[in-house]
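First comes the structure, then the notes that go with it.
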There are 2 protein chains.
Amino acid sequence: MLTLHQEFFSQYAKVYRPLLNKLNAELEQYSLSNSQWTIMKLLKIEQVMTPAEIAHRQQVEKPSITKILQRLNEMGFIEVTPGEDKREKWIRLTDSGEAVCIEIMERLKLLYENLLEGIKEADLENAINLLMHVHENLSK
Amino acid sequence: MLTLHQEFFSQYAKVYRPLLNKLNAELEQYSLSNSQWTIMKLLKIEQVMTPAEIAHRQQVEKPSITKILQRLNEMGFIEVTPGEDKREKWIRLTDSGEAVCIEIMERLKLLYENLLEGIKEADLENAINLLMHVHENLSK
DNA sequence: CTTTTTAGTTAGTTAGGTTAATTAACTAAT
DNA sequence: ATTAGTTAATTAACCTAACTAACTAAAAAG
(Lines give C-alpha, C1' and ligand atoms only; values in the text may rest on other atoms or scores of the structure.)
Protein backbone atom coordinates (compact mmCIF):
# COMPACT_ATOMS: atom_id res chain seq x y z
CA MET A 1 0.00 0.00 0.00
CA LEU A 2 0.92 3.64 -0.32
CA THR A 3 2.52 5.71 2.42
CA LEU A 4 0.91 8.99 3.41
CA HIS A 5 3.57 10.87 1.46
CA GLN A 6 2.86 8.92 -1.69
CA GLU A 7 -0.85 9.30 -1.08
CA PHE A 8 -0.52 13.07 -0.96
CA PHE A 9 1.25 13.35 -4.30
CA SER A 10 -1.07 10.81 -5.84
CA GLN A 11 -4.06 12.95 -4.85
CA TYR A 12 -2.26 16.07 -5.96
CA ALA A 13 -1.77 14.59 -9.42
CA LYS A 14 -5.33 13.29 -9.64
CA VAL A 15 -6.70 16.79 -9.28
CA TYR A 16 -4.56 18.27 -12.02
CA ARG A 17 -6.18 17.18 -15.29
CA PRO A 18 -9.80 17.77 -14.31
CA LEU A 19 -8.87 21.14 -12.84
CA LEU A 20 -7.03 22.11 -16.00
CA ASN A 21 -9.99 21.06 -18.10
CA LYS A 22 -12.30 23.23 -15.99
CA LEU A 23 -9.96 26.20 -16.23
CA ASN A 24 -9.58 25.84 -19.98
CA ALA A 25 -13.35 25.71 -20.36
CA GLU A 26 -13.61 29.06 -18.56
CA LEU A 27 -10.71 30.59 -20.48
CA GLU A 28 -11.95 29.42 -23.88
CA GLN A 29 -14.42 32.30 -23.98
CA TYR A 30 -11.52 34.71 -23.91
CA SER A 31 -9.42 32.70 -26.39
CA LEU A 32 -6.83 32.22 -23.68
CA SER A 33 -4.94 29.09 -22.72
CA ASN A 34 -3.99 28.31 -19.17
CA SER A 35 -0.34 29.19 -19.63
CA GLN A 36 -1.21 32.52 -21.22
CA TRP A 37 -3.58 33.20 -18.37
CA THR A 38 -0.95 32.29 -15.80
CA ILE A 39 1.36 34.94 -17.18
CA MET A 40 -1.39 37.55 -17.24
CA LYS A 41 -2.09 36.84 -13.57
CA LEU A 42 1.58 37.24 -12.79
CA LEU A 43 1.70 40.58 -14.61
CA LYS A 44 -1.42 41.71 -12.76
CA ILE A 45 0.45 41.28 -9.49
CA GLU A 46 3.91 42.45 -10.52
CA GLN A 47 2.81 45.26 -12.86
CA VAL A 48 6.03 45.26 -14.92
CA MET A 49 8.36 42.37 -15.68
CA THR A 50 11.00 41.40 -18.21
CA PRO A 51 10.61 38.13 -20.14
CA ALA A 52 13.61 36.75 -18.24
CA GLU A 53 11.93 37.42 -14.90
CA ILE A 54 8.72 35.81 -16.11
CA ALA A 55 10.64 32.75 -17.32
CA HIS A 56 12.36 32.44 -13.95
CA ARG A 57 9.13 32.75 -12.01
CA GLN A 58 7.32 30.22 -14.19
CA GLN A 59 10.28 27.84 -14.14
CA VAL A 60 10.32 27.50 -17.90
CA GLU A 61 12.95 28.50 -20.44
CA LYS A 62 12.94 31.93 -22.05
CA PRO A 63 11.93 30.86 -25.57
CA SER A 64 8.66 29.47 -24.20
CA ILE A 65 7.89 32.87 -22.73
CA THR A 66 8.79 34.67 -25.95
CA LYS A 67 6.12 32.70 -27.83
CA ILE A 68 3.40 33.23 -25.25
CA LEU A 69 4.13 36.96 -25.02
CA GLN A 70 3.99 37.27 -28.79
CA ARG A 71 0.50 35.81 -28.78
CA LEU A 72 -0.65 37.95 -25.84
CA ASN A 73 0.70 40.97 -27.69
CA GLU A 74 -1.22 40.07 -30.87
CA MET A 75 -4.37 39.83 -28.77
CA GLY A 76 -3.68 43.28 -27.36
CA PHE A 77 -3.48 42.12 -23.74
CA ILE A 78 0.09 43.24 -23.07
CA GLU A 79 2.30 46.13 -24.12
CA VAL A 80 6.04 46.09 -24.54
CA THR A 81 8.39 49.01 -23.91
CA PRO A 82 12.18 49.06 -24.05
CA GLY A 83 13.89 48.97 -20.66
CA GLU A 84 16.62 51.25 -19.32
CA ASP A 85 19.02 48.47 -20.05
CA LYS A 86 18.43 48.39 -23.79
CA ARG A 87 18.63 44.63 -23.88
CA GLU A 88 15.57 44.34 -21.71
CA LYS A 89 11.89 44.67 -22.57
CA TRP A 90 9.37 45.74 -20.02
CA ILE A 91 6.11 43.87 -20.24
CA ARG A 92 2.88 45.15 -18.70
CA LEU A 93 -0.83 44.51 -19.14
CA THR A 94 -2.76 46.92 -21.36
CA ASP A 95 -6.02 48.39 -20.07
CA SER A 96 -7.88 45.75 -22.04
CA GLY A 97 -5.61 43.05 -20.60
CA GLU A 98 -6.21 44.36 -17.11
CA ALA A 99 -9.98 44.40 -17.66
CA VAL A 100 -10.07 40.82 -18.98
CA CYS A 101 -7.84 39.76 -16.10
CA ILE A 102 -10.24 41.15 -13.51
CA GLU A 103 -13.22 39.60 -15.27
CA ILE A 104 -11.63 36.15 -15.35
CA MET A 105 -10.50 36.39 -11.74
CA GLU A 106 -14.10 37.03 -10.72
CA ARG A 107 -15.31 33.98 -12.61
CA LEU A 108 -12.58 31.76 -11.21
CA LYS A 109 -13.25 32.99 -7.70
CA LEU A 110 -16.71 31.46 -7.97
CA LEU A 111 -15.33 28.24 -9.39
CA TYR A 112 -12.78 28.00 -6.59
CA GLU A 113 -15.42 28.62 -3.94
CA ASN A 114 -17.50 25.79 -5.34
CA LEU A 115 -14.56 23.42 -5.43
CA LEU A 116 -13.65 24.18 -1.82
CA GLU A 117 -17.20 24.47 -0.56
CA GLY A 118 -17.59 22.95 2.90
CA ILE A 119 -13.88 23.13 3.78
CA LYS A 120 -13.04 24.68 7.15
CA GLU A 121 -10.92 27.82 7.04
CA ALA A 122 -8.27 26.34 9.34
CA ASP A 123 -7.94 23.28 7.13
CA LEU A 124 -7.59 25.45 4.08
CA GLU A 125 -4.86 27.52 5.69
CA ASN A 126 -3.11 24.35 6.72
CA ALA A 127 -3.17 22.99 3.18
CA ILE A 128 -1.86 26.26 1.77
CA ASN A 129 1.05 26.16 4.20
CA LEU A 130 1.78 22.58 3.28
CA LEU A 131 1.89 23.46 -0.41
CA MET A 132 4.17 26.41 0.33
CA HIS A 133 6.43 24.06 2.25
CA VAL A 134 6.59 21.67 -0.69
CA HIS A 135 7.28 24.54 -3.05
CA GLU A 136 10.19 25.72 -0.91
CA ASN A 137 11.66 22.24 -0.73
CA LEU A 138 11.39 21.95 -4.48
CA SER A 139 13.54 25.03 -5.01
CA LYS A 140 16.54 23.76 -3.12
CA MET B 1 -5.83 40.83 -2.41
CA LEU B 2 -6.53 37.17 -2.84
CA THR B 3 -9.12 35.20 -0.90
CA LEU B 4 -8.05 32.01 0.83
CA HIS B 5 -9.72 29.99 -1.92
CA GLN B 6 -7.75 31.78 -4.60
CA GLU B 7 -4.62 31.48 -2.51
CA PHE B 8 -5.01 27.72 -2.33
CA PHE B 9 -5.25 27.23 -6.08
CA SER B 10 -2.49 29.72 -6.65
CA GLN B 11 -0.18 27.66 -4.41
CA TYR B 12 -1.40 24.46 -6.01
CA ALA B 13 -0.41 25.77 -9.44
CA LYS B 14 2.95 27.08 -8.23
CA VAL B 15 4.00 23.62 -7.16
CA TYR B 16 3.16 21.97 -10.46
CA ARG B 17 6.01 22.95 -12.81
CA PRO B 18 8.91 22.42 -10.42
CA LEU B 19 7.42 19.12 -9.29
CA LEU B 20 7.01 17.98 -12.89
CA ASN B 21 10.61 18.95 -13.61
CA LYS B 22 11.81 16.90 -10.65
CA LEU B 23 9.72 13.91 -11.69
CA ASN B 24 10.94 14.06 -15.28
CA ALA B 25 14.53 14.21 -14.06
CA GLU B 26 13.97 10.96 -12.14
CA LEU B 27 12.12 9.30 -15.00
CA GLU B 28 14.68 10.29 -17.61
CA GLN B 29 16.92 7.43 -16.49
CA TYR B 30 14.22 4.99 -17.51
CA SER B 31 13.42 6.86 -20.75
CA LEU B 32 9.95 7.46 -19.41
CA SER B 33 7.92 10.65 -19.56
CA ASN B 34 5.56 11.62 -16.79
CA SER B 35 2.45 10.73 -18.75
CA GLN B 36 3.81 7.29 -19.57
CA TRP B 37 4.71 6.79 -15.94
CA THR B 38 1.26 7.89 -14.80
CA ILE B 39 -0.31 5.17 -16.89
CA MET B 40 2.11 2.54 -15.62
CA LYS B 41 1.20 3.47 -12.05
CA LEU B 42 -2.46 3.14 -12.92
CA LEU B 43 -1.90 -0.30 -14.43
CA LYS B 44 0.07 -1.33 -11.36
CA ILE B 45 -3.00 -0.68 -9.24
CA GLU B 46 -5.70 -1.88 -11.60
CA GLN B 47 -3.82 -4.86 -13.11
CA VAL B 48 -5.84 -4.95 -16.36
CA MET B 49 -7.53 -2.09 -18.18
CA THR B 50 -8.77 -1.25 -21.66
CA PRO B 51 -7.49 1.89 -23.41
CA ALA B 52 -10.97 3.40 -23.10
CA GLU B 53 -10.93 2.91 -19.32
CA ILE B 54 -7.49 4.45 -19.08
CA ALA B 55 -8.59 7.44 -21.16
CA HIS B 56 -11.58 7.95 -18.91
CA ARG B 57 -9.51 7.72 -15.72
CA GLN B 58 -6.87 10.11 -17.02
CA GLN B 59 -9.45 12.51 -18.42
CA VAL B 60 -7.79 12.62 -21.81
CA GLU B 61 -9.04 11.54 -25.24
CA LYS B 62 -8.50 8.05 -26.57
CA PRO B 63 -5.98 8.89 -29.30
CA SER B 64 -3.60 10.30 -26.68
CA ILE B 65 -3.71 6.99 -24.85
CA THR B 66 -3.18 4.98 -28.04
CA LYS B 67 0.15 6.71 -28.65
CA ILE B 68 1.40 6.37 -25.10
CA LEU B 69 0.50 2.68 -25.04
CA GLN B 70 2.27 2.12 -28.36
CA ARG B 71 5.47 3.55 -26.89
CA LEU B 72 5.14 1.59 -23.65
CA ASN B 73 4.62 -1.51 -25.75
CA GLU B 74 7.75 -0.85 -27.83
CA MET B 75 9.69 -0.47 -24.59
CA GLY B 76 8.33 -3.82 -23.44
CA PHE B 77 6.64 -2.43 -20.34
CA ILE B 78 3.11 -3.49 -21.20
CA GLU B 79 1.47 -6.40 -22.97
CA VAL B 80 -1.72 -6.34 -24.98
CA THR B 81 -4.20 -9.17 -25.29
CA PRO B 82 -7.54 -9.19 -27.12
CA GLY B 83 -10.57 -8.89 -24.83
CA GLU B 84 -13.68 -11.05 -24.79
CA ASP B 85 -15.37 -8.25 -26.63
CA LYS B 86 -13.20 -8.41 -29.77
CA ARG B 87 -13.12 -4.62 -30.07
CA GLU B 88 -11.40 -4.32 -26.72
CA LYS B 89 -7.75 -4.71 -25.83
CA TRP B 90 -6.64 -5.69 -22.40
CA ILE B 91 -3.57 -3.89 -21.24
CA ARG B 92 -1.37 -5.08 -18.40
CA LEU B 93 2.19 -4.53 -17.21
CA THR B 94 4.81 -7.06 -18.26
CA ASP B 95 7.17 -8.47 -15.63
CA SER B 96 9.78 -5.98 -16.75
CA GLY B 97 7.21 -3.17 -16.56
CA GLU B 98 6.24 -4.27 -13.08
CA ALA B 99 9.87 -4.34 -11.98
CA VAL B 100 10.62 -0.86 -13.32
CA CYS B 101 7.43 0.37 -11.73
CA ILE B 102 8.49 -0.86 -8.31
CA GLU B 103 11.97 0.57 -8.73
CA ILE B 104 10.66 4.02 -9.66
CA MET B 105 8.14 3.98 -6.85
CA GLU B 106 10.97 3.40 -4.39
CA ARG B 107 12.94 6.32 -5.76
CA LEU B 108 9.93 8.62 -5.75
CA LYS B 109 9.08 7.60 -2.22
CA LEU B 110 12.38 9.12 -1.12
CA LEU B 111 11.76 12.26 -3.15
CA TYR B 112 8.30 12.63 -1.65
CA GLU B 113 9.62 12.17 1.86
CA ASN B 114 12.13 14.94 1.30
CA LEU B 115 9.53 17.29 -0.10
CA LEU B 116 7.21 16.71 2.86
CA GLU B 117 9.91 16.53 5.48
CA GLY B 118 8.88 18.23 8.70
CA ILE B 119 5.14 18.08 7.99
CA LYS B 120 2.98 16.69 10.79
CA GLU B 121 1.04 13.55 10.00
CA ALA B 122 -2.28 15.11 10.95
CA ASP B 123 -1.65 18.05 8.63
CA LEU B 124 -0.76 15.71 5.82
CA GLU B 125 -3.93 13.69 6.29
CA ASN B 126 -5.90 16.87 6.34
CA ALA B 127 -4.38 18.06 3.07
CA ILE B 128 -5.04 14.70 1.41
CA ASN B 129 -8.68 14.91 2.43
CA LEU B 130 -8.93 18.41 1.10
CA LEU B 131 -7.54 17.34 -2.27
CA MET B 132 -9.96 14.41 -2.37
CA HIS B 133 -12.77 16.81 -1.66
CA VAL B 134 -11.68 19.06 -4.54
CA HIS B 135 -11.40 16.06 -6.83
CA GLU B 136 -14.92 14.97 -5.99
CA ASN B 137 -16.30 18.44 -6.61
CA LEU B 138 -14.51 18.52 -9.94
CA SER B 139 -16.30 15.42 -11.17
CA LYS B 140 -19.82 16.75 -10.72
C1' DC C 1 -30.96 -7.63 -41.13
C1' DT C 2 -30.19 -3.01 -40.85
C1' DT C 3 -28.87 0.80 -37.98
C1' DT C 4 -26.56 2.81 -34.27
C1' DT C 5 -23.20 2.81 -30.86
C1' DT C 6 -18.71 1.71 -29.07
C1' DA C 7 -13.46 0.61 -29.07
C1' DG C 8 -9.54 1.58 -31.02
C1' DT C 9 -6.54 3.58 -34.68
C1' DT C 10 -4.75 6.85 -38.05
C1' DA C 11 -3.83 11.36 -39.76
C1' DG C 12 -3.23 16.01 -39.11
C1' DT C 13 -2.99 20.09 -36.04
C1' DT C 14 -1.75 22.89 -32.09
C1' DA C 15 0.35 24.63 -27.70
C1' DG C 16 3.97 24.69 -25.08
C1' DG C 17 7.95 22.90 -23.80
C1' DT C 18 13.17 21.93 -24.93
C1' DT C 19 18.34 23.08 -26.83
C1' DA C 20 21.48 25.41 -29.74
C1' DA C 21 22.88 29.31 -32.12
C1' DT C 22 22.57 34.38 -33.06
C1' DT C 23 22.40 39.40 -32.24
C1' DA C 24 22.61 43.30 -29.39
C1' DA C 25 23.80 45.52 -25.24
C1' DC C 26 26.11 45.80 -20.97
C1' DT C 27 30.40 45.07 -17.65
C1' DA C 28 34.99 44.75 -16.37
C1' DA C 29 39.83 44.38 -17.19
C1' DT C 30 43.40 45.41 -19.56
C1' DA D 1 39.66 52.45 -26.21
C1' DT D 2 39.75 47.62 -26.96
C1' DT D 3 38.87 43.28 -25.83
C1' DA D 4 36.75 39.39 -23.40
C1' DG D 5 33.01 37.62 -21.18
C1' DT D 6 28.09 37.83 -19.81
C1' DT D 7 23.21 38.64 -20.21
C1' DA D 8 18.51 39.46 -22.64
C1' DA D 9 15.87 38.26 -26.12
C1' DT D 10 14.94 35.95 -30.36
C1' DT D 11 14.90 32.42 -33.96
C1' DA D 12 15.09 27.74 -35.65
C1' DA D 13 14.51 23.02 -35.22
C1' DC D 14 12.72 19.58 -32.60
C1' DC D 15 9.74 16.81 -29.16
C1' DT D 16 5.76 15.56 -26.31
C1' DA D 17 1.27 15.46 -25.29
C1' DA D 18 -2.78 17.03 -26.04
C1' DC D 19 -6.77 17.83 -29.50
C1' DT D 20 -10.41 16.85 -33.51
C1' DA D 21 -12.05 14.43 -37.51
C1' DA D 22 -12.47 10.49 -40.02
C1' DC D 23 -11.96 5.73 -40.32
C1' DT D 24 -12.60 0.25 -39.40
C1' DA D 25 -14.41 -3.44 -36.96
C1' DA D 26 -17.33 -5.41 -33.53
C1' DA D 27 -21.33 -5.38 -30.64
C1' DA D 28 -25.94 -3.92 -29.38
C1' DA D 29 -30.48 -2.26 -30.45
C1' DG D 30 -34.42 -1.84 -33.52
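Chain naming here is simple, since letters A, B, ... match the order of the sequence lines and numbering starts at 1 in each. From a predicted model like this one, the values you see are computed outputs, not experimental measurements.
The side chain of A/P63 sits closest to D/dA12 out of D/dA12, D/dC19, C/dT9. The side chain of B/R71 approaches D/dA17 more closely than any other nucleotide in the set D/dT20, C/dG17, D/dA17. For A/S33, the side-chain atoms get nearest to C/dG16 when compared with the rest of C/dG16, D/dT7, C/dT6. Residue A/Q36 has its side chain nearest to C/dG16 when only C/dA11, C/dG16, D/dA18 are considered. Nearest nucleotide to the B/D85 side chain, out of D/dA27, D/dA18, C/dT18: D/dA27. Comparing C/dG17, D/dT11, C/dA7 by their closest approach to the side chain of B/E88 singles out C/dA7. Checking D/dA18, C/dA7, C/dG16 against every side-chain atom of B/A52, the shortest atom distance belongs to C/dA7. The side chain of B/T50 lies closest to C/dG8, out of C/dG8, C/dT18, C/dT9. Comparing D/dA27, D/dA18, C/dG8 by their nearest atom to the side chain of B/S35 picks out D/dA18.
Within the 4.0 angstrom heavy-atom criterion, no nucleotide atom of any strand lies near A/E53. Using a 4.0 Å heavy-atom distance criterion, B/Q58 is classed as making no nucleic acid contact.
Between B/Q70 and A/I68, the residue anchored closer to the 5' end of DNA chain C is B/Q70, taking for each the nucleotide with the nearest heavy atom. Both A/S64 and B/K67 lie close to DNA chain C; mapped to their nearest nucleotides by heavy-atom distance, the more 5′-ward contact belongs to B/K67.
For B/S64 (side chain) and B/V60 (main-chain N/O), no donor-acceptor pair under 3.5 Å exists by modelled atom type. Of the possible polar contacts, one joining the A/Y12 side chain to the B/Y16 backbone as a donor-acceptor pair under 3.5 Å is found. Proximity of a side-chain donor or acceptor of A/K109 to a complementary backbone N or O of B/Q6 within less than 3.5 Å is not detected. Judged purely by atom type and a 3.5 angstrom limit, B/K44 has no side-chain atom pairing as donor or acceptor with the backbone of B/C101. For the pair B/E46 (side chain) and B/L43 (backbone), a donor-acceptor distance under 3.5 Å is absent.
Rounded to an integer number of Å, the gap from B/N34 CG to D/dA17 P is 8 Å. With rounding to whole Å, B/I91 atom CD1 is found 13 Å from C/dT9 atom C1'. The distance from atom CH2 of A/W90 to atom C1' of D/dA8 is 14 Å, rounded to the nearest whole Å. Following rounding to the nearest Å, B/E74 (CD) and D/dT16 (P) show an atom-to-atom distance of 11 Å. For the pair A/Q59 CD and C/dT18 P, the computed distance is 10 Å after rounding to whole Å. In this entry the distance linking CE of B/M49 with P of C/dG8 reads 11 Å, nearest Å. Taking atom CD1 of residue A/I78 and atom C1' of nucleotide D/dA9, one finds them 13 Å apart after rounding to whole Å. The distance from atom NZ of A/K86 to atom C1' of D/dT7 is 17 Å, rounded to the nearest whole Å.
Rounding to the nearest 0.5 Å places CG of B/L124 at 10.5 Å from NE2 of A/H133.
Side chain A/K62 to base D/dA9: a donor-acceptor pair is found below 3.5 Å.
For D/dC19, one of the phosphate oxygens OP1 or OP2 lies less than 4.0 angstrom from a side-chain nitrogen or oxygen of A/R17.
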